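Below is one structure, written out as structure tokens, with a few remarks after it.
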Amino acid sequence: MDLIPQIKLYGADSCHKTQYYQRILDKTELPYTFLDVIANEAYGDELRSLYENRKLNFPTITIGSKKLRNPLKEDIDKWLTKLIPSRLNIEHNKERMQFTLNVNGELAKVDYSIKDGKMYLNHSEVPYNLRGQGIGKVLVEKTFEQLNREGYKAVAVCSYIRIVAQRSDTWSSIIEY
């Protein structure tokens, strides 16, 4: 759905903190590369180049260009969610008539109305500071997946939702424009 940024764990095989981060990353089921900075001098040099002080600051996790030195598990989860929005779960709030993605406490949403047994997807919105990261596309596609699971047919009223629907034949059986 979206590109997964390269994830690297710089550490030492014998380091208990490095082993802890390996377990965390293994549970995400995302591909990552472990770089033993003690066993391989080139990996040590690569890690040193990330820091102004040129020290072997391990464990360090990089997710794309984001660098996390000795992070809390919550910080790893936060950055993985921010940088890989396809990991998010869609929520369908029937009372509010919207589908939402919670991105680290901020809601991206699709508002709808129902008329004559069809769901009209009227508006999609991504918080301003989260725009340009692919979250809108993930939001709309996950909305379509949820519609399909729940057995709804829908009409794409919002121009952005219509564009996402038109770019893939996958949704033609449930989405009208």
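The model shown is predicted, which means the values in this text are computed figures rather than measured ones. Nothing fancy with the numbering, it's 1 onward along the sequence.
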Go through the structure and list residues passing side-chain contact (heavy atoms from CB on, under 4.5 Å) with Ala165, not counting sequence neighbours.
->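 Ala165 satisfies side-chain contact (heavy atoms from CB on, under 4.5 Å) with Phe144, Ile175, Tyr177 once adjacent residues are dropped.
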Which pairs with one or both residues in residues 164-177 pass salt bridge (Lys or Arg N to Asp or Glu O under 4.0 Å), sequence neighbours excluded?
-> Lys118-Glu176
With side chains defined as the heavy atoms from C-beta onward, is the minimum distance between [X] and [Y] less than 4.5 Å?
X	Y	value
Asn70	Tyr21	yes
Pro59	Arg69	yes
Glu91	Asn102	no
Arg87	Leu30	yes
Lys137	Tyr160	yes
Glu46	Lys8	yes
Leu147	Met119	yes
Pro71	Ile61	yes

Applying the 4.5 Å side-chain criterion to the ILVMFWY set and letting contacts propagate, would [X] and [Y] be lumped into a single cluster?
X	Y	answer
Ile174	Leu121	yes
Tyr20	Ile7	yes
Val110	Ile163	no
Leu68	Leu50	no
Tyr152	Met97	yes

Rounded to the nearest 0.5 Å, what separates atom [atom1] in [X] from atom [atom2] in [Y]?
X	Y	atom1	atom2	result
Leu47	Arg54	CG	CZ	9.5 Å
Leu88	Leu101	CG	CG	5.5 Å
Asn57	Glu52	CG	CD	11.5 Å
Arg23	Thr28	CZ	OG1	14.0 Å
Asp111	Cys158	CG	SG	9.5 Å
Thr100	Glu106	OG1	CD	13.0 Å

Lys67 charged N/C atom sitting above Tyr10 aromatic ring, 6.0 Å / 45° =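 No, Lys67 does not sit over the ring of Tyr10.
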When the side chains of residues 32-40 are checked against the rest of the protein, which donor-acceptor pairs come out under 3.5 Å, sequence neighbours left out?
unit_1: Tyr32; atom_1: OH; unit_2: Asp26; atom_2: OD1; d: 2.8
unit_1: Asp36; atom_1: OD1; unit_2: Ile38; atom_2: N; d: 3.0
unit_1: Asp36; atom_1: OD1; unit_2: Ala39; atom_2: N; d: 3.0
unit_1: Asp36; atom_1: OD2; unit_2: Asp13; atom_2: N; d: 3.1
unit_1: Asn40; atom_1: OD1; unit_2: Ala42; atom_2: N; d: 2.9
unit_1: Asn40; atom_1: OD1; unit_2: Tyr43; atom_2: N; d: 3.3

Results of salt bridge (charged side-chain N to carboxylate O under 4.0 Å, His left out) for Asp45 - residues two or more places apart only |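 If we apply the salt bridge (charged side-chain N to carboxylate O under 4.0 Å, His left out) test to Asp45, skipping adjacent residues, the hits are Arg48.
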CZ/Arg131: more than 12 non-hydrogen atoms of other groups inside 6.0 Å | yes
Any side-chain donor paired with an acceptor under 3.5 Å for Tyr112 and Thr143?
-> no
Side chains of Asn122 and Ser113: do they bring a donor and an acceptor to under 3.5 Å?
-> yes
Closest approach of Ala12 to Phe58 (non-hydrogen atoms, all atoms of both residues) |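 Between these two residues, the closest heavy atoms are CB-CE1, 3.7 Å.
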Heavy-atom closest pair, residues Glu125 and Leu139 | O-CD2, 4.1 Å
Sequence neighbours excluded and cut-off under 3.5 Å, please list the side-chain donor-acceptor pairs for residues 74-82, or say none.
unit_1: Asp77; atom_1: OD2; unit_2: Lys73; atom_2: NZ; d: 2.9
unit_1: Thr81; atom_1: OG1; unit_2: Asp77; atom_2: O; d: 3.0

What's in the same ILVMFWY side-chain cluster as Val155, cut-off under 4.5 Å, chained through other members?
->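 Tyr120, Val157, listed by chain and number.
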Pick out which of Arg149, Gln146, Glu150 makes a side-chain hydrogen bond (donor to acceptor under 3.5 Å, both in side chains) with His92.
->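 The side-chain hydrogen bond (donor to acceptor under 3.5 Å, both in side chains) with His92 is passed solely by Glu150 among Arg149, Gln146, Glu150.
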